[in-house]
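Only this structure's heavy atoms are used, side chains among them; waters, hydrogens and symmetry mates stay out.
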Number of protein chains: 2
Amino acid sequence: MADVAREAGVSVATVSKVVNGRYGVAQSTLDRVQQVIADLGYEASLGASSLRSHRTNVLGILVAEFEPFSTELLKGASSAITQTGYELLAYSGGARGADVGWERRYLSRLGGTLIDGAIIVTPTVVDASNGIPVVAVDPHTGPSGLPTVDSDNFAGAVMATQYLLALGHRRISLVGGRPDLESARLREAGFRSAMADAGLDVDESLVVIGGYRPETADQPARELLTRPDRPTAVFAANDLSAIRTIEVAREIGLRVPDDLSVVGFDNVPESALCDPPLTTINQPLRDIGAQALRLLVDLLQGTDTPTHVRLPTALVERASCRALV
Amino acid sequence: MADVAREAGVSVATVSKVVNGRYGVAQSTLDRVQQVIADLGYEASLGASSLRSHRTNVLGILVAEFEPFSTELLKGASSAITQTGYELLAYSGGARGADVGWERRYLSRLGGTLIDGAIIVTPTVVDASNGIPVVAVDPHTGPSGLPTVDSDNFAGAVMATQYLLALGHRRISLVGGRPDLESARLREAGFRSAMADAGLDVDESLVVIGGYRPETADQPARELLTRPDRPTAVFAANDLSAIRTIEVAREIGLRVPDDLSVVGFDNVPESALCDPPLTTINQPLRDIGAQALRLLVDLLQGTDTPTHVRLPTALVERASCRALV
DNA sequence: ATGAAAGCGCTAACAT
DNA sequence: ATGTTAGCGCTTTCAT
């Protein structure tokens with residue numbers, strides 16, 4: 001900015017005014033400064049300007065890691081932001097393991113200055129925020145003090161289970177998520193509810209913890225499928241563990257869906273890419289991202305907003321299940 | 001930080017030293033300050049610290065928009081960053097139309113202070129960078145002064161065309177990209193080369209500009225498919241225009257692949273989700289993102305690095321094409 | 001081992 | 001209409 005000022009023969013304050021469109025600049029000065037800015041390709045440093053002005057016009061979306069789930073949300077947020085005049089900054093640490101409390105860390109790091117508001121994706125600790133407006137997407141402890149967007153995990157799990165039941169399956173296994181997470185609990189509850197409604201007892205030995213990640217789902221799935229009385233169907237609490245279950249089945253020599261039916265949850269794009277394409281429960285991930293962004297913008301504008309948006313889930317039938325004869 | 005200092009009874013300078021692990025702090029002081037930091041949940045502001053230290057340990061990935069293509073790269077970069085100790089910041093404006101020069105804008109905005117290095121995705125103007133190391137992914141003007149990662153567009157287009165030829169198609173249409181973009185030119189060149197090798201003349205009226213986006217591909221596809229002498233097959237320069245072509249075909253009453261074969265390019269996840277699943281050319285998008293990140297890290301460490309990495313493309317056969325009898 | 005003070009690039013009062 | 005000055009939250013000499 002000093003360069004621009006020198007080149008244009010004005011003070012940095014004037015350049016700042018030009019950059020920020022403040023009043024009190026003569027037309028001739030304005031033109032000249034803008035010309036210099038264009039020539040030099042100058043652009044104000046986000047770090048510096050935000051430090052001083054506490055307003056950046058940038059919205060943050062904070063995620064633990066860029067994986068299929070969060071990037072779908074990102075696509076939704078990105079499409080929703082076009083009309084708003086804000087820019088979007090997505091931030092993630094290196095996903096170095098169980099870094100509990102990342103959401104707070106990121107929020108403090110970026111919140112005070114760099115971003116005007118934030119969307120936090122699947123946070124585990126959702127406490128009062130850092131001064132800037134925050135909306136939580138799919139928080140792992142259920143709706144909290146924060147405005148929240150999520151989808152109907154319970155209903156989705158019921159649908160998945162009922163689908164398998166309707167296909168004639170009775171020995172149905174649940175490869176669950178992480179018991180500490182609200183979404184995982186709801187999916188398990190939905191599974192149990194549907195089983196109960198069908199008058200079926202849940203064989204507890206068929207209920208295992210998959211942990212939502214391929215690595216953590218591998219071993220439980222393997223044990224399940226190598227049992228002599230293995231299940232005829234698996235409801236996995238998310239797509240990534242469902243996909244790993246299919247891979248494990250193949251390694252063991254089981255064919256999906258002939259020898260084993262598998263239903264996932266999330267409907268990340270990867271679920272359609274696997275072989276066979278995965279039957280799963282759709283979460284409208286992009287919508288969720290878009291809604292979260294709109295909610296955040298409303299919050300920033302002081303508009304009265306709903307504090308909790310819940311979107312519907314739906315069954316997506318592909319090719320990983322078959323009817324029992 | 002002032003709060004922490006007051007609470008711990010030390011100066012901000014000392015707190016800074018603790019936060020940054022500098023030497024010259026007594027063990028007792030260290031413990032006390034760290035305790036206060038933990039209690040208060042303090043975290044240094046990225047904006048402020050970077051402003052002063054010009055080192056942030058954050059790498060940027062700058063994209064015009066978060067769409068399927070760039071988010072795949074993001075996944076790759078995210079997985080590659082785990083081992084490096086860097087954090088990842090992805091930035092996008094609002095994709096407000098033809099904002100030429102966004103890459104320079106973003107780079108200036110973030111480069112001086114906030115990020116130590118950047119990956120720029122499909123930039124159109126690739127000039128000397130802003131002082132920080134930059135690697136370009138799939139630049140639209142071809143390999144330039146910048147270290148670059150891309151994939152073999154020409155070979156991919158040849159494969160796609162040969163595939164359609166092998167199925168017996170002769171009236172093959174090209175729904176091209178944007179003529180100003182290198183990747184689009186290479187894909188067109190590959191198409192023409194394969195046609196020529198097969199001893200076929202290209203019917204120039206079947207070569208249209210699709211512009212890489214659904215909206216821009218719609219009209220050209222419509223005109224193509226409503227002609228009395230419509231093509232029997234379409235090679236679309238990217239998946240998004242291929243998918244739109246399929247949608248247009250359906251609207252018109254044509255069945256894919258029965259009445260029309262379609263091949264895309266990119267293999268974004270969405271290509272497997274469409275109906276029918278799209279046969280396309282795979283770009284190893286995640287690999288590209290991961291390689292770009294590694295290249296950038298090497299650059300930052302001053303390691304000698306290749307200046308251009310080109311990854312192979314491959315045909316992914318799904319269900320959008322059929323053999324002509 | 002600790003703190004005082006300067007300054008990173010910018011914006012916002014407040015002069016002029 | 002323009003410039004001067006102070007200071008955003010932090011890091012870094014440089015004294016002490």
Give one of base, sugar-phosphate or nothing for T113(A), where a contact means two heavy atoms less than 4.0 Å apart. nothing
Rounded (10°) bend between the five-pair end axes of the helix from dA1(C)-dT16(D) to dT16(C)-dA1(D): 40°
With rounding to the nearest 0.5 Å, note down the distance linking CG in L74(B) to OG in S79(B). 10.0 Å
Have D39(B) and Q35(B) got a donor and an acceptor in their side chains that come within less than 3.5 Å? yes
Atom CE of M1(B) and atom C1' of dC8(D) are separated, to the nearest Å, by 14 Å
May I ask you to test the I115(B)-Y91(B) pair for a side-chain heavy-atom distance under 4.5 Å? no
DNA chain C: 5'-most and 3'-most nucleotides touching chain A, 4.0 angstrom heavy-atom criterion: dG9(C) to dA12(C)
Under 4.0 Å, heavy atoms only, any strand: does V15(A) hit a base, just the sugar-phosphate, or nothing? nothing
Here the gap from E72(B) atom CD to D266(B) atom CG, rounded to the nearest 0.5 Å, amounts to 10.0 Å
Protein and nucleotides 4-7 of chain D: nitrogen or oxygen contacts under 3.5 angstrom:
residue, atom, partner, partner atom, Å
dG7(D), N2, R52(A), NE, 3.3
dG7(D), N2, R52(A), NH1, 3.0
dG7(D), N3, R52(A), NH1, 3.1

L110(A) CG to dC10(D) P: how many Å, rounded? 13 Å
Under 3.5 Å, is there a donor-acceptor pair between the side chain of Y106(A) and the main chain of G93(A)? yes
Tell me: OH of Y23(A) to P of dG3(D), nearest whole Å? 21 Å
Near DNA chain C, which residues from residues 30-46 of chain B have a heavy atom under 4.0 Å away? none
Residue pair P147(B) / L299(B), side-chain heavy-atom distance below 4.5 Å: yes
Going through the checks in order, is the side-chain contact (heavy atoms from CB on, under 4.5 Å) test met by V36(A) and Y42(A)? CA-CA 8 Å; V36(A) 175; Y42(A) 169 80; over 6 Å; no
Positive for side-chain hydrogen bond (donor to acceptor under 3.5 Å, both in side chains) with R310(A), one of T148(A), N153(A), D150(A): D150(A)
According to a strict under-4.0 Å criterion, is S53(B) in side-chain N/O contact with OP1 or OP2 of dT11(D)? no
Test your reading of the model: is there a side-chain donor-acceptor pair from S53(A) to the backbone of R55(A), 3.5 Å cut-off? yes
Say you draw a straight line from OG1 of T71(B) to NZ of K75(A); how long is it, rounded to the nearest 0.5 Å? 4.0 Å
Counterpart residues, side-chain hydrogen bond (donor to acceptor under 3.5 Å, both in side chains), relative to S151(A) (two or more places apart): Q283(A)
Can you find a heavy atom in the side chain of L59(B) that is under 4.5 Å from one in the side chain of D116(B)? yes
First of A48(A) and Q27(B) reached from the 5' end of DNA chain C, by closest nucleotide: Q27(B)
Looking for any heavy atom pair under 4.0 Å, which part of the strands does V19(B) touch: base, sugar-phosphate only, or nothing? nothing
Sugar-phosphate, base or nothing in reach of T29(B), heavy atoms under 4.0 Å: sugar-phosphate
Heavy-atom side-chain contact between R109(B) and L114(B) under 4.5 Å: no
Look at R22(B) and dT11(D) and indicate whether a side-chain polar atom (N or O) is within less than 4.0 Å of OP1 or OP2. no
Could you check G24(B) against H54(B) and say which one's nearest nucleotide on DNA chain C is further toward the 5' end? G24(B)
In chain order, what residues pass the side chain to side chain contact (heavy atoms under 4.5 Å, CB included) check against E215(B), with sequence neighbours excluded? R213(B)
